Amino acid sequence: MLQRRPVAPADPRLLVTIGALLLLGAAAQPSAVTSSGVPFGASKLPNELFGKPFTETKLEVDPESILKVLSEARAGGMHVFIILVGPQRHYQNADGTFNLEKWKARVDKFRGIDLSGFVQDGTVMGHQLISEAKARNQFGGAVITNDVLDQMARHSKELWPTLATMLRTDPSDLEEHAAGYKTPEPAWKWTYLDAASARYLDRKGGVDKFAAEQQASAERQELALIVGLNVFSGGDGSSKIASPAKGKWAMSADELRRYGAAMLSQTKPCAFEMWRYESANSEFKNFNYFRRPEIQSAMDELAALAARTPGRPCVGRQAHK
């Protein structure tokens, strides 16, 4: 224990100095940002699995509970991506196409909520603006063009300047469908978007090739890269574990090891995220995938590998310096 020296109470300068040192000491206390590896986890994890073995998750939040939810994540040592806008029906037109103003209105419900402390200590890694922006079956047969996506990122930055912006879309899809479906725009440059997320499924071909292509695409666009696996529906069938999605297979423990290792080794990821933990949604709550002993063992191995992989920021151009 530190021994206190007698201090003359009449010296206010010394009291100010002591106060400043105490504040510095408090700021230096360990927090979620102290992890040096790649944050690893599954989206929508329950609190009881924070840190066991997961260090990352993605959470849908609402204005009333966001600060409580993030405080719980911080206490669990978690890195979190936040989803603010909820299901797609909240920001679609009658024909299913995307409506930017409706999307902004959903985000604006959080206006005035200070997230800077959670961003600074690494609890909040980024704001997922939208998922599957380039999937036509999600938005009335159209894709969301890059200029609109960057407007979304700009809106987020206006509210939270230090919060990274990210898309749950493969970087290669952002290039291929920049100005519309199968309409690249070679001269396109992002101004406000920070990161894209490449999630592997067996149907996307060889995992090493996929990972290398997504890393190269992210670098061409000066984006940070989040990697991951669709563990519920991305298997090759060798697991014999039928997915809740009809006609698809969950990944086996061996697939988890092989695909996960490739995604970590062939890229420069800022996070590793799997879709998704089963208990968070009624569609999957009885699937019990993550509770299988062989799956738990593979998850532990992947978590250890991610912890040994150098971590990088999820903030665009900084990721490649």
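We number each residue from 1, following the sequence as shown. These numbers were taken from a predicted model, which means no experiment stands behind them.
To the nearest 0.5 Å, atom CZ of residue Arg106 and atom CD of residue Glu101 are 15.0 Å apart. Distance CG/Leu223 to SG/Cys314: 11.0 Å, rounded to 0.5 Å. Taking CZ of Phe210 as the start and CG of Leu201 as the end, the distance is 8.0 Å to the nearest 0.5 Å. Taken to the nearest 0.5 Å, the CE atom of Met274 stands 9.5 Å off from the OG1 atom of Thr57. Note that CG of Asp147 and CD of Glu185 are 7.5 Å apart. Values are rounded to the nearest 0.5 Å. Lys104 contributes atom NZ, which lies 10.0 Å from atom CG of Leu159 (distance to the nearest 0.5 angstrom).
Under the 4.5 Å side-chain contact rule for hydrophobic residues, Val69 and Leu67 share a cluster. Phe118 and Met78 fall within a single hydrophobic cluster, where Ile, Leu, Val, Met, Phe, Trp and Tyr are joined by side-chain heavy atoms under 4.5 Å apart, directly or via other members. Met125 is not connected to Leu84 by any chain of hydrophobic side-chain contacts under 4.5 Å among Ile, Leu, Val, Met, Phe, Trp and Tyr, and they are in different clusters. If you chain together hydrophobic residues whose side chains sit under 4.5 Å apart, Val124 and Ile226 never meet in one group. When the side chains of ILVMFWY residues are joined at heavy-atom separations under 4.5 Å, either directly or via intervening members, Trp275 and Leu302 end up in a single hydrophobic cluster.
The backbone N or O of Lys209 lies less than 3.5 Å from no partner atom in the side chain of Gln266, so there is not a single donor-acceptor pair. Under the 3.5 Å distance criterion, the side-chain polar atoms of Tyr200 are left unmatched by any main-chain donor or acceptor of Ala262. Under the 3.5 Å distance criterion, the side-chain polar atoms of Ser297 are left unmatched by any main-chain donor or acceptor of Pro293. Put simply, the side chain of Arg199 never gets that close to the backbone of Gly228: no donor and acceptor are under 3.5 Å apart. Not one N or O on the side chain of Asn288 forms a donor-acceptor pair closer than 3.5 Å with the backbone of Arg291. Checked by atom type and distance alone, the side chain of Thr97 never pairs as donor or acceptor with a backbone atom of Asn93 at under 3.5 Å. Under a 3.5 Å cut-off, the side chain of Lys134 and the backbone N or O of Leu174 do not form any donor-acceptor pair. Using a distance-only test at 3.5 Å, with no hydrogens or angles considered, a donor-acceptor pair links the side chain of Gln92 to the main chain of Gln138.
Ring planes of Phe98 and Trp103: tilted class, angle from 30 to 60°. Using cut-offs of 30° and 60° on the angle between ring planes, the pair Tyr277 and Phe290 is tilted.
Here the shortest heavy-atom pairing between Leu70 and Thr123 reads O-CG2, 3.8 Å. In terms of heavy atoms, Asn230 sits closest to Met251 at O-CE, 3.4 Å. Of all the heavy atoms in Arg312 and Cys270, the pair that sits closest is O-CB, 3.1 Å. The nearest pair of heavy atoms linking Ser43 to Arg276 is OG-CB, 3.0 Å. Across all non-hydrogen atoms, the minimal contact from Ile113 to Trp160 is O-NE1, 2.9 Å. The nearest pair of heavy atoms linking Thr55 to Val38 is OG1-O, 4.4 Å.
Side-chain atoms of Ser156 and His127 form a donor-acceptor pair, as typed in the model, at a separation below 3.5 Å. A side-chain donor from one of Asp108 and His155 sits under 3.5 Å from a side-chain acceptor of the other. Side-chain atoms of Ser172 and Asp170 form no donor-acceptor pair, as typed in the model, at a separation below 3.5 Å. Judged purely by distance below 3.5 Å, without hydrogens or angles, the side chains of Ser239 and Ser252 never pair a donor atom with an acceptor atom. A donor atom on one side chain and an acceptor atom on the other are not found under 3.5 Å apart for Lys268 and Gln215. A side-chain donor-acceptor contact under 3.5 Å links Asp62 and Ser65. Side-chain polar atoms of Gln221 and Ser217 form a donor-acceptor pair below 3.5 angstrom. With no hydrogens or angles considered, no side-chain donor-acceptor pair links Asp173 and Thr169 at under 3.5 Å.
Between Phe232 and Ile241, every side-chain heavy-atom pair lies at or beyond the 4.5 Å cut-off. A heavy-atom distance below 4.5 Å is not found between the side chains of Val231 and Ile295. At a threshold of 4.5 Å between non-hydrogen side-chain atoms, the residues Glu56 and Phe81 count as touching. Looking only at side-chain heavy atoms (C-beta outward), Asp236 and Trp249 stay at 4.5 Å or farther from each other. His90 places a side-chain heavy atom less than 4.5 Å from the side chain of Pro87. Side-chain atoms of Ser238 and Asp254, non-hydrogen and from C-beta on, never get closer than 4.5 Å to each other.
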Leu59 and Leu45: side chain to side chain contact (heavy atoms under 4.5 Å, CB included), yes or no, with the steps?
CA-CA 8 Å; Leu59 299 173; Leu45 283 172; 5.8 Å; no

For the pair Asp208 and Tyr259, evaluate side chain to side chain contact (heavy atoms under 4.5 Å, CB included) and give the outcome as yes or no after the intermediate values.
CA-CA 8 Å; Asp208 292 281; Tyr259 300 157; over 6 Å; no

Checking Gln88 against Phe139 for the side chain to side chain contact (heavy atoms under 4.5 Å, CB included) test, could you report, in this order, the C-alpha distance in whole Å, the side-chain angles of both residues, the deciding distance, and whether it holds?
CA-CA 9 Å; Gln88 293 170 354; Phe139 294 102; 3.8 Å; yes

List the steps and the verdict of side chain to side chain contact (heavy atoms under 4.5 Å, CB included) for Gln120 and Thr162.
CA-CA 8 Å; Gln120 184 178 11; Thr162 62; over 6 Å; no

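Counting heavy-atom neighbours within 6.0 Å of Lys109 NZ, excluding the residue itself, gives a total of 12 or less. Heavy atoms from other residues, nucleotides or ligands lying under 6.0 Å from NZ of Lys102 number more than 12. Counting non-hydrogen atoms of other residues, nucleotides and ligands closer than 6.0 Å to NZ of Lys157 gives a total above 12.
Scored by the side-chain contact (heavy atoms from CB on, under 4.5 Å) test, Thr191 finds Asp150 as partners (sequence neighbours excluded). The side-chain contact (heavy atoms from CB on, under 4.5 Å) test applied to Pro184 returns no partner, not counting sequence neighbours.
The pair Glu273-Lys58 meets the salt-bridge criterion, with a side-chain N (NZ, NE, NH1 or NH2) lying under 4.0 Å from an Asp/Glu carboxylate O.
With side-chain heavy atoms closer than 4.5 Å counting as contact, directly or through intermediates, the hydrophobic cluster containing Tyr181 also holds Val143.
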